[in-house]
Amino acid sequence: MDLTAINKFFYEQTDSTNTRAKEFLCSKTEPQNEQNPKNNLPISAIFVANSQTNGKGRLGRSFFSPKNCGIYLSIVYNTDFLEYENDVTLITPKVAVSVCKTLEKFGCKNCKIKWVNDIFIEEKKVCGILTEGILSKTQKNKINPAIIGIGINLQEDKNGFPEELSKIATSANINFEKKDEVINFLLQEILLDLKNENHNLVMGEYKNRSNLIGKVVNVIENTFTGETYQAKVIDITDKGHLLVKKKLQNSFEEKITEIFTGEVSIKF
Ligand code: BTN
(Lines give C-alpha, C1' and ligand atoms only; values in the text may rest on other atoms or scores of the structure.)
Protein backbone atom coordinates (compact mmCIF):
# COMPACT_ATOMS: atom_id res chain seq x y z
CA MET A 1 0.00 0.00 0.00
CA ASP A 2 1.16 3.53 -0.78
CA LEU A 3 1.69 5.10 2.67
CA THR A 4 1.14 8.62 1.31
CA ALA A 5 -2.57 7.77 0.96
CA ILE A 6 -2.92 7.50 4.76
CA ASN A 7 -4.34 10.47 6.71
CA LYS A 8 -1.69 11.42 9.25
CA PHE A 9 -2.24 13.37 12.47
CA PHE A 10 0.69 14.52 14.62
CA TYR A 11 0.58 15.90 18.17
CA GLU A 12 3.39 17.39 20.21
CA GLN A 13 1.49 16.24 23.28
CA THR A 14 -1.88 14.57 23.71
CA ASP A 15 -3.57 12.44 26.34
CA SER A 16 -3.75 9.25 24.26
CA THR A 17 -3.46 8.68 20.51
CA ASN A 18 -6.07 5.89 20.78
CA THR A 19 -8.49 8.48 22.17
CA ARG A 20 -7.64 10.90 19.32
CA ALA A 21 -8.35 8.10 16.82
CA LYS A 22 -11.72 7.30 18.44
CA GLU A 23 -12.67 10.95 18.49
CA PHE A 24 -11.81 11.22 14.80
CA LEU A 25 -13.94 8.18 13.96
CA CYS A 26 -16.92 9.53 15.92
CA SER A 27 -16.75 12.89 14.19
CA LYS A 28 -16.38 11.39 10.74
CA THR A 29 -19.21 12.21 8.38
CA GLU A 30 -17.73 10.67 5.23
CA PRO A 31 -19.97 8.00 3.68
CA GLN A 32 -19.08 4.48 4.89
CA ASN A 33 -19.55 2.63 1.63
CA GLU A 34 -17.62 1.08 -1.19
CA GLN A 35 -17.87 4.26 -3.23
CA ASN A 36 -15.63 6.03 -0.76
CA PRO A 37 -12.05 5.22 -1.88
CA LYS A 38 -10.71 5.68 1.70
CA ASN A 39 -12.83 2.68 2.77
CA ASN A 40 -10.89 0.49 0.40
CA LEU A 41 -7.59 1.06 2.17
CA PRO A 42 -6.50 -1.27 4.97
CA ILE A 43 -5.09 1.69 6.91
CA SER A 44 -7.03 4.94 6.58
CA ALA A 45 -5.41 7.07 9.28
CA ILE A 46 -2.61 7.15 11.82
CA PHE A 47 -2.22 9.27 14.96
CA VAL A 48 1.26 9.93 16.30
CA ALA A 49 2.26 11.82 19.44
CA ASN A 50 5.61 13.03 20.68
CA SER A 51 4.38 12.49 24.24
CA GLN A 52 1.18 11.32 25.95
CA THR A 53 -0.19 12.51 29.27
CA ASN A 54 -2.54 9.54 29.66
CA GLY A 55 -1.04 6.73 27.56
CA LYS A 56 -3.29 3.71 27.99
CA GLY A 57 -2.31 0.07 28.37
CA ARG A 58 -4.32 -3.14 28.63
CA LEU A 59 -6.44 -3.86 31.70
CA GLY A 60 -6.68 -0.21 32.68
CA ARG A 61 -2.93 0.22 33.07
CA SER A 62 -1.03 3.27 31.91
CA PHE A 63 1.76 3.50 29.37
CA PHE A 64 4.70 5.76 30.26
CA SER A 65 5.07 8.13 27.27
CA PRO A 66 7.68 10.86 27.86
CA LYS A 67 8.58 13.29 25.07
CA ASN A 68 11.28 12.59 22.48
CA CYS A 69 11.71 9.01 23.68
CA GLY A 70 9.28 6.77 21.94
CA ILE A 71 6.77 5.98 19.27
CA TYR A 72 3.20 6.49 20.43
CA LEU A 73 1.14 5.49 17.45
CA SER A 74 -2.48 4.55 16.76
CA ILE A 75 -3.52 3.00 13.48
CA VAL A 76 -7.09 2.89 12.13
CA TYR A 77 -7.31 -0.54 10.49
CA ASN A 78 -10.16 -1.58 8.22
CA THR A 79 -11.16 -5.09 9.37
CA ASP A 80 -12.92 -5.80 6.04
CA PHE A 81 -9.43 -6.85 4.96
CA LEU A 82 -9.41 -9.75 7.42
CA GLU A 83 -10.95 -13.03 6.31
CA TYR A 84 -11.85 -16.48 7.61
CA GLU A 85 -9.77 -17.58 10.57
CA ASN A 86 -7.76 -14.36 10.38
CA ASP A 87 -10.08 -12.42 12.66
CA VAL A 88 -9.76 -9.27 14.78
CA THR A 89 -8.57 -11.14 17.87
CA LEU A 90 -5.40 -11.96 15.96
CA ILE A 91 -4.51 -8.35 15.23
CA THR A 92 -2.56 -7.87 18.47
CA PRO A 93 -0.41 -11.03 18.21
CA LYS A 94 0.31 -10.41 14.54
CA VAL A 95 1.25 -6.79 15.15
CA ALA A 96 3.54 -8.00 17.95
CA VAL A 97 5.41 -10.00 15.29
CA SER A 98 5.59 -6.89 13.05
CA VAL A 99 7.05 -4.87 15.92
CA CYS A 100 9.72 -7.52 16.64
CA LYS A 101 10.79 -7.61 12.99
CA THR A 102 10.90 -3.81 12.86
CA LEU A 103 13.00 -3.47 16.00
CA GLU A 104 15.40 -6.11 14.71
CA LYS A 105 15.66 -4.31 11.36
CA PHE A 106 16.85 -1.26 13.35
CA GLY A 107 19.49 -3.19 15.28
CA CYS A 108 17.76 -4.85 18.24
CA LYS A 109 18.53 -8.49 18.91
CA ASN A 110 16.28 -11.32 19.92
CA CYS A 111 12.91 -9.64 20.42
CA LYS A 112 10.52 -11.90 22.30
CA ILE A 113 6.77 -11.76 22.84
CA LYS A 114 5.11 -12.16 26.19
CA TRP A 115 1.56 -13.34 25.59
CA VAL A 116 -0.38 -11.54 24.52
CA ASN A 117 0.76 -8.02 23.72
CA ASP A 118 4.16 -7.18 25.15
CA ILE A 119 7.51 -7.16 23.36
CA PHE A 120 10.55 -7.95 25.45
CA ILE A 121 14.27 -7.46 24.94
CA GLU A 122 16.52 -9.22 27.45
CA GLU A 123 13.61 -9.94 29.73
CA LYS A 124 12.37 -6.35 29.94
CA LYS A 125 9.39 -4.78 28.21
CA VAL A 126 10.17 -2.48 25.28
CA CYS A 127 6.75 -2.20 23.65
CA GLY A 128 3.07 -2.70 24.42
CA ILE A 129 0.11 -2.98 22.06
CA LEU A 130 -3.47 -2.02 22.84
CA THR A 131 -6.01 -2.89 20.15
CA GLU A 132 -9.49 -1.45 20.60
CA GLY A 133 -12.45 -2.47 18.45
CA ILE A 134 -15.03 0.00 17.23
CA LEU A 135 -18.52 -1.28 16.42
CA SER A 136 -19.28 -0.74 12.75
CA LYS A 137 -21.84 1.94 11.94
CA THR A 138 -23.12 -0.02 8.95
CA GLN A 139 -22.35 -3.74 9.52
CA LYS A 140 -24.34 -5.40 12.30
CA ASN A 141 -22.28 -6.93 15.14
CA LYS A 142 -19.03 -6.30 13.36
CA ILE A 143 -15.93 -4.64 14.71
CA ASN A 144 -14.77 -2.18 12.10
CA PRO A 145 -12.40 -0.43 12.27
CA ALA A 146 -9.89 -1.58 14.88
CA ILE A 147 -7.62 0.95 16.50
CA ILE A 148 -4.16 -0.53 16.94
CA GLY A 149 -2.24 1.42 19.57
CA ILE A 150 1.49 0.79 19.72
CA GLY A 151 3.92 2.23 22.25
CA ILE A 152 7.64 1.61 21.73
CA ASN A 153 10.42 2.89 24.00
CA LEU A 154 13.05 3.94 21.45
CA GLN A 155 15.34 5.77 23.85
CA GLU A 156 15.37 6.03 27.60
CA ASP A 157 14.26 9.37 29.07
CA LYS A 158 17.18 11.42 30.47
CA ASN A 159 15.69 10.91 33.95
CA GLY A 160 15.43 7.16 33.36
CA PHE A 161 12.25 5.15 33.89
CA PRO A 162 10.17 5.88 36.99
CA GLU A 163 11.19 3.63 39.87
CA GLU A 164 8.25 1.26 39.51
CA LEU A 165 9.20 0.61 35.87
CA SER A 166 12.99 0.56 36.05
CA LYS A 167 13.18 -3.17 36.82
CA ILE A 168 10.71 -4.23 34.16
CA ALA A 169 11.06 -1.75 31.26
CA THR A 170 13.81 -1.10 28.75
CA SER A 171 14.38 0.84 25.56
CA ALA A 172 15.27 -0.39 22.09
CA ASN A 173 18.21 2.01 21.98
CA ILE A 174 17.23 3.24 18.52
CA ASN A 175 18.15 6.83 17.65
CA PHE A 176 15.03 8.97 18.13
CA GLU A 177 15.77 10.74 14.84
CA LYS A 178 14.99 7.48 13.06
CA LYS A 179 11.43 7.57 14.43
CA ASP A 180 9.71 8.30 11.08
CA GLU A 181 11.76 5.64 9.31
CA VAL A 182 10.82 3.12 12.00
CA ILE A 183 7.11 4.04 11.72
CA ASN A 184 7.13 3.65 7.93
CA PHE A 185 8.84 0.29 8.11
CA LEU A 186 6.46 -0.85 10.85
CA LEU A 187 3.37 0.15 8.84
CA GLN A 188 4.57 -1.87 5.85
CA GLU A 189 5.28 -4.88 8.09
CA ILE A 190 1.83 -4.66 9.66
CA LEU A 191 0.17 -4.53 6.25
CA LEU A 192 2.05 -7.68 5.25
CA ASP A 193 1.56 -9.56 8.52
CA LEU A 194 -2.19 -8.92 8.60
CA LYS A 195 -2.65 -10.31 5.09
CA ASN A 196 -4.84 -13.41 5.11
CA GLU A 197 -2.38 -15.46 3.08
CA ASN A 198 0.36 -14.89 5.68
CA HIS A 199 -1.73 -16.18 8.60
CA ASN A 200 0.14 -19.47 9.21
CA LEU A 201 3.56 -17.96 8.72
CA VAL A 202 2.96 -15.08 11.11
CA MET A 203 1.31 -17.19 13.81
CA GLY A 204 4.24 -19.63 13.54
CA GLU A 205 6.56 -16.71 14.15
CA TYR A 206 4.44 -15.51 17.05
CA LYS A 207 4.86 -18.90 18.68
CA ASN A 208 8.60 -19.06 17.95
CA ARG A 209 9.10 -15.69 19.55
CA SER A 210 7.12 -16.52 22.69
CA ASN A 211 9.08 -16.21 25.90
CA LEU A 212 6.55 -18.34 27.80
CA ILE A 213 6.59 -21.80 26.22
CA GLY A 214 8.01 -24.33 28.68
CA LYS A 215 7.89 -21.87 31.59
CA VAL A 216 5.85 -21.98 34.77
CA VAL A 217 3.70 -18.86 35.02
CA ASN A 218 1.06 -17.32 37.24
CA VAL A 219 -2.18 -17.21 35.31
CA ILE A 220 -4.47 -14.39 36.36
CA GLU A 221 -7.73 -16.10 35.57
CA ASN A 222 -10.00 -13.28 36.49
CA THR A 223 -8.47 -9.84 36.09
CA PHE A 224 -11.28 -8.30 38.18
CA THR A 225 -10.87 -10.50 41.25
CA GLY A 226 -7.16 -11.13 40.66
CA GLU A 227 -7.69 -14.91 41.15
CA THR A 228 -4.53 -16.72 40.04
CA TYR A 229 -3.11 -20.22 39.65
CA GLN A 230 0.26 -21.61 38.58
CA ALA A 231 0.63 -23.49 35.33
CA LYS A 232 3.20 -24.69 32.83
CA VAL A 233 2.88 -23.26 29.32
CA ILE A 234 2.85 -26.10 26.79
CA ASP A 235 2.13 -24.35 23.52
CA ILE A 236 0.38 -21.51 21.69
CA THR A 237 -2.32 -22.34 19.15
CA ASP A 238 -2.63 -20.77 15.70
CA LYS A 239 -5.43 -18.67 17.20
CA GLY A 240 -2.93 -17.23 19.67
CA HIS A 241 -4.43 -19.10 22.65
CA LEU A 242 -2.20 -20.34 25.43
CA LEU A 243 -2.20 -24.08 26.20
CA VAL A 244 -1.25 -24.78 29.81
CA LYS A 245 -1.15 -27.60 32.36
CA LYS A 246 -2.30 -26.43 35.77
CA LYS A 247 0.02 -27.07 38.70
CA LEU A 248 -1.04 -29.64 41.26
CA GLN A 249 0.90 -29.95 44.51
CA ASN A 250 4.10 -31.52 43.15
CA SER A 251 3.27 -32.07 39.50
CA PHE A 252 1.19 -30.76 36.63
CA GLU A 253 -2.25 -31.92 35.50
CA GLU A 254 -2.34 -34.12 32.41
CA LYS A 255 -5.34 -32.17 31.15
CA ILE A 256 -4.57 -29.22 28.89
CA THR A 257 -6.39 -25.95 29.52
CA GLU A 258 -6.80 -23.41 26.74
CA ILE A 259 -6.60 -19.74 27.73
CA PHE A 260 -8.16 -17.23 25.36
CA THR A 261 -7.68 -14.01 27.24
CA GLY A 262 -6.40 -12.65 30.53
CA GLU A 263 -2.96 -12.11 31.84
CA VAL A 264 0.03 -14.16 32.89
CA SER A 265 3.01 -13.13 34.94
CA ILE A 266 6.40 -14.73 34.92
CA LYS A 267 9.50 -14.41 37.08
CA PHE A 268 12.63 -14.19 34.96
C1 BTN B 1 0.15 -2.20 27.18
O2 BTN B 1 1.32 -2.09 27.55
O3 BTN B 1 -0.69 -2.87 27.81
C4 BTN B 1 -0.27 -1.51 25.91
C5 BTN B 1 0.36 -0.16 25.73
C6 BTN B 1 -0.10 0.57 24.49
C7 BTN B 1 0.45 1.97 24.42
C8 BTN B 1 0.09 2.66 23.15
S9 BTN B 1 0.96 4.18 22.95
C10 BTN B 1 -0.05 4.62 21.61
C11 BTN B 1 -1.46 4.19 21.98
N12 BTN B 1 -2.11 5.22 22.76
C13 BTN B 1 -2.38 4.80 23.99
O14 BTN B 1 -2.93 5.49 24.87
N15 BTN B 1 -1.97 3.54 24.14
C16 BTN B 1 -1.37 3.02 22.95
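The figures here come from the full heavy-atom set of this structure, side chains too, leaving out hydrogens, waters and symmetry mates. No experiment lies behind these values; they were computed from the predicted model shown. Residue numbers count from 1 along this sequence. Both ligands and their constituent atoms are indexed starting at 1 by order of listing.
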Does ligand 1 have any N/O atom under 3.5 Å from a protein N/O, and what are those pairs and their distances?
| unit_1 | atom_1 | unit_2 | atom_2 | d |
| --- | --- | --- | --- | --- |
| ligand 1 | 2 (O) | Lys125 | NZ | 2.5 |
| ligand 1 | 3 (O) | Arg58 | N | 2.7 |
| ligand 1 | 3 (O) | Asn117 | ND2 | 3.3 |
| ligand 1 | 12 (N) | Thr17 | OG1 | 3.1 |
| ligand 1 | 12 (N) | Gln52 | OE1 | 3.0 |
| ligand 1 | 14 (O) | Ser16 | OG | 2.7 |
| ligand 1 | 14 (O) | Lys56 | N | 2.7 |
| ligand 1 | 15 (N) | Lys56 | O | 2.8 |

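The two residues Ile148 and Thr131 come nearest to each other via the heavy atoms CG2-OG1, 4.1 Å.
Using cut-offs of 30° and 60° for the angle between ring planes, the Phe9 and Phe47 rings count as parallel.
Environment of NZ in Lys142: crowded, with over 12 heavy atoms of neighbouring residues, nucleotides or ligands closer than 6.0 Å.
Counting only N and O atoms by type, the side chains of Asn50 and Asn68 include a donor and acceptor under 3.5 Å apart. In this structure, a donor-acceptor pair under 3.5 Å is present between the side chains of Thr79 and Asn144. A side-chain donor from one of Ser65 and Gln52 sits under 3.5 Å from a side-chain acceptor of the other.
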